[in-house]
Amino acid sequence: MSSATDQSTAAGEPEHQAAYPPPAEFAANAIAQAGLYDEADADRLAFWAKQARELQWETDFADTLDWSNAPFAKWFVGGELNVAANCIDRHVDAGNGDRVAIHWIGEPGDSRDITYSDLLAEVSKAANYFTEIGLEPGDRVAVYMPMVPEAIVTILACARLGLPHSVVFAGFSAGALRSRVDDASAKLVVTTDGQYRRGEPAPLKSAVDEALGTGDDAAKSVEKVLVVKRTGHDPDLNWVDGRDVWWHETVAEAADTHSYKAFDAEHPLFLLYTSGTTGKPKGILHTSGGYLTQINYTFRNVFDHRPESDVFWCGADIGWVTGHSYLVYGPLSNGATEIVYEGTPNSPNEHRHFEIIEKHKVTTYYIAPTLIRTFMKWGREIPDAHDLTSIRLLGSVGEPINPEAWRWYRDVIGANRSPIVDTWWQTETGAMMISPLPGVTETKPGSAMRPLPGISAKIVDDDGNAVADGEQGYLVLDEPWPAMLRGIWGDDERFKETYWSRFAKQGWYFAGDGARYDSDGALWVLGRIDDVMNVSGHRISTSEVESALVNHHGVAEAAVIGASDETTGQGIVAFVILRGSTTDTGDELIKELKAQVSKDISPIAKPREIYVVPELPKTRSGKIMRRLLKDVAEGRELGDTSTLVDPTVFENIRKKK
Ligand code: WTA
């Protein structure tokens, strides 16, 4: 089908997409059979209790759910477990210590195979060292690392000791790291000297130094900075005596056995900061028992995972929730063998991912639509040059996938036979929520199909009434789920306001996405309806970028929108008004503004385009009309301008564009 057809379907006729039934042999042998939906519908809580008991509990739970203090949930009340033991010791104890947990592949070509026994020894060493420096259950640890094995070891050592980790994407700026370290009062920061990016070593610890500051400006909570030597390329590491220690001189020297303690099911497991509609990122809090239950269950059933024969690969970075859930906790709690790749897909060339799939006989491949569209741009001759027949299941996550990319993915990467699971979920949901089950649910290009067994979702209008099939509404989750966020770190009010106030009467969770059902009952997620952009599957708030822009001395006001982008889903477009005193309005200024955003947030938040304009379209109450700016950026006729104070602003903006 042509892309023109895709556009017309995206505009309103999704049901005309042909459905793909589950392949017969897949259906016959799949782990998840159709009965799973019925079982969950019959008794949702009993269903989740059964899923929870797939884990190893040190103390069994008494109650499945306590929702009496909604929206603050308690799952598996009274139960005690150790999350790390579920991810490691359990498999070693079952005689699978020699199974490879992680095939790690470094960007420059170095590699390590780490078995479950190796992982147990490494995590034990880190746990022993963390204990030695006085960390106590509940203390927070910030992790600012590229995709090296020590990052996963650190995360698991934190889980083992009940130290909530806060992983900060290593592409974030020093400023972003500092605000997260401060917000969580982290005592330990774990990092590397540098990281490889597109074939070149780049410093990383220097950003930690800048973030943590010195003297009066020093981050007060931080006692130690633990540094893994990754590149060895940074000649002037600014070593702060007493604060900074090398991993190879401390953790590596610690004892390699460690006996773990059990923690309450609701013990905090991690914080992960994500963008909301205001400039300040939210520390999303996840706890232990419920999170691990849903992660373990979704990984096994949605990926139809067989630990003895499958090789799983999730392309996400540990800095995002997908990396937490389906690169660390999901695969390892299931005893999987997985790929962890440090670098970019085109380093040293565009064949990299396909070489890895071929060499390690990857069976299950889980990536974001942005990467699929990038592969499409590079051309099918690249994957076609490799034997990809090991692949039997494909996954998509992070943003809506357009039907054209979906079909290409299935045909070219999946040999026109592998089912695709398009999985909708969020940092807040912790685990997959809406997705086909590969042996049961038919699939349609671009649809996430239906809520997973045990999950309940609705599409409603402003008043909470279900919308008719084919009509767009708000996606809400009308029943609590085990991996749900337990709050925003230190801000209960914001938690209630952001997610639970819109449909307070009904007590529903408001996801922030628009969605609709087609006439076959397939669910289509249409993307964010709030001021959150989705660029290459990364969540960035418009106001975060706006405040970075006005941090530049030349800018008086800024408005930022996400405009549709062929490759990245959305691209960031900024409109700025300059201060009267600014004389430079040319390329140099635009460059400076882009650099300002990179520095304040991250290169991933850098606007694709910046327009200097004389004024911004505003309503009478002074609100910027982003919807109209989006029309301009996407080259459309202007929508409704009736609430605009001064319609002539657009002529001025267009002239500048
Ligand atoms: C979007 C990533 C359509 C959505 C796991 C959501 C999707 C936001 C899909 C969460 C999908 C994620 N189809 N949209 N399969 N998956 N999204 O927190 O807008 O980084 O609200 O979690 O990504 O992004 P987050």
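Whatever order the structure lists them in is the order used to number ligands and atoms, beginning at 1. Keep in mind it's a predicted model, so treat the numbers as computed, not measured.
- The side-chain contact (heavy atoms from CB on, under 4.5 Å) test applied to Thr364 returns Phe303, Asp310, Phe312, Leu393, not counting sequence neighbours.
- A donor-acceptor contact closer than 3.5 angstrom is absent between the side chains of Asp183 and Trp489.
- The backbone N or O of Met432 lies less than 3.5 Å from a partner atom in the side chain of Gln294, making a donor-acceptor pair.
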Show the distances, to 0.1 Å, for all pairs joining an N/O atom of ligand 1 and a protein N/O atom that are shorter than 3.5 Å, listing one pair per line.
| unit_1 | atom_1 | unit_2 | atom_2 | d |
| --- | --- | --- | --- | --- |
| ligand 1 | 13 (N) | Glu399 | O | 3.4 |
| ligand 1 | 14 (N) | Pro400 | N | 3.4 |
| ligand 1 | 15 (N) | Asp422 | OD1 | 2.7 |
| ligand 1 | 15 (N) | Thr423 | O | 2.8 |
| ligand 1 | 16 (N) | Gly398 | N | 3.1 |
| ligand 1 | 17 (N) | Gly398 | O | 3.4 |
| ligand 1 | 18 (O) | Thr427 | N | 2.8 |
| ligand 1 | 18 (O) | Thr427 | OG1 | 2.5 |
| ligand 1 | 18 (O) | Arg539 | NH1 | 2.8 |
| ligand 1 | 19 (O) | Asp513 | OD1 | 2.6 |
| ligand 1 | 19 (O) | Asp513 | OD2 | 3.3 |
| ligand 1 | 21 (O) | Gln426 | NE2 | 2.9 |
| ligand 1 | 21 (O) | Asp513 | OD2 | 2.6 |
| ligand 1 | 21 (O) | Arg528 | NH1 | 2.8 |
| ligand 1 | 22 (O) | Thr427 | N | 3.4 |
| ligand 1 | 23 (O) | Gly398 | O | 3.2 |
| ligand 1 | 23 (O) | Asn534 | ND2 | 3.4 |

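- Considering Tyr291, Trp320, Trp425 in turn, Tyr291 is the only one that fulfils the side chain to side chain donor-acceptor pair (under 3.5 Å) rule with Ser325.
- Residues passing the side chain to side chain donor-acceptor pair (under 3.5 Å) test with Ser333 are Asn296, sequence neighbours excluded.
- With sequence neighbours left out, the side-chain contact (heavy atoms from CB on, under 4.5 Å) criterion links Asp478 to Ser456, Lys458, Trp508.
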